Amino acid sequence: MHTSPAHFLRQALSADAAPASPFPLDSGLTAQWRAPGCLEIAPAGLAADQDSVLLSCGVHGNETAPIEVVDTILNDLASGRLPLRCRLLALFGNLDAMRLGERYLDYDMNRLFNGEHARHPDAREAARAALLEREAARFFESARGRRLHYDLHTAIRGSAFEKFAIYPFLHDRPHNRQQLGWLQSCQIEAVLLHSKPANTFSYFTSRHCQADAFTLELGKARPFGQNDLARFDGIDLALRRLLAGEDAPDAASARPLPLFRAKYDIIKRSEAFRLNLDEQVENFTLLPDGCLIAEDGEERYVAHGGAERILFPNPKVKPGLRAGIVVEPAKLDD
Ligand SMILES: [Zn+2]
């Protein structure tokens with residue numbers, strides 16, 4: 001089997017049906033396309049308790065840098081430049097949107113997990129989200145060691161914390177401090193602790209596969225080939241160490257990772273909705289005490305205390321949907 005650079009991404013993007021049978025890589029590893037854009041690689045003779053690592057990218061089709069990072073890692077695994085000491089499933093998410101360089105075609109795929117795809121059967125993303133759920137569930141079902149899922153994204157806008165993670169709502173499970181340390185070794189600068197279920201891929205694997213799962217926002221999205229991949233060195237090196245089975249350095253840093261939690265959602269109720277922030281406002285921008293964040297007819301959203309920040313502001317959403325999240329500093333309970 002041919003394993004030239006960019007082979008995997010090209011094959012994922014080609015319209016051909018993926019081969020179903022396992023094939024050897026130059027490195028001696030065995031790879032298998034489980035479904036289009038779904039590549040599993042495992043070393044022979046792996047100890048039963050080794051990690052199972054799921055890397056997903058392209059859930060938003062125009063977020064190209066993480067796709068390039070994952071593809072480069074796969075090619076280095078294929079050539080033997082990078083050793084593999086865990087089970088790996090790499091998922092190229094929204095293939096149709098990736099081919100067109102679009103975020104999505106019919107419906108934001110990262111709002112279709114956790115079974116939500118069944119409520120939007122006409123969206124082209126629905127069947128793909130269901131398939132990704134099945135692939136993730138199958139992969140983690142046979143996991144005996146740690147179950148790890150990193151869903152790699154880039155944000156639409158700039159951010160006061162350029163790289164940040166979203167930790168899905170855990171219900172009764174405790175937050176994993178070792179994982180927070182690992183995120184810090186990836187140069188993640190802040191973590192949002194979600195406080196309710198969501199229809200994201202990382203919530204699905206966290207909830208239904210009991211994985212330590214995170215959505216990682218790694219900077220601003222740019223077209224293919226225009227990414228400064230040096231900006232992604234932190235995540236790239238940390239993922240390579242993880243896959244090679246090298247222990248991450250003790251990340252108990254003197255500077256603790258800033259944690260935030262969602263305080264409330266700003267909901268756009270009508271076309272009268274006005275976001276009172278600059279159109280280019282960055283994620284995690286501080287909201288001065290008393291600042292009018294948004295108004296919607298009679299309803300006014302006003303910042304309190306001076307430590308709140310705005311996340312994912314988007315006044316262009318349809319009425320009834322979330323136009324932003326107001327977050328505040330948080331601490332772990334335990
Ligand atoms: Zn994204």
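Start at 1 and go down the list; that is how both ligands and their atoms are numbered. What you see is a predicted model; the values in this text were computed from it and never measured.
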So does Glu63 have any N/O/S atom less than 2.8 Å away from the Zn ion (ligand 1)?
-> yes
Any donor-acceptor N or O pair under 3.5 Å, side chains Ser27, Arg81 = no
Report the name of the N/O/S atom of His60 located nearest to the Zn ion (ligand 1).
-> ND1
The Zn ion (ligand 1) is nearest to which N, O or S atom of His153?
-> ND1
Under a 4.5 Å cut-off applied to non-hydrogen side-chain atoms, are Leu112 and Tyr107 in contact?
-> yes
On the ring face of Phe139, is Arg87 found with NZ or CZ under 6.0 Å from the centre and within 45° of the axis?
-> yes
Show your reasoning for whether salt bridge (charged side-chain N to carboxylate O under 4.0 Å, His left out) applies to Arg157 and Glu282.
-> CA-CA 6 Å; Arg157 59 182 63 241; Glu282 296 192 323; over 6 Å; no
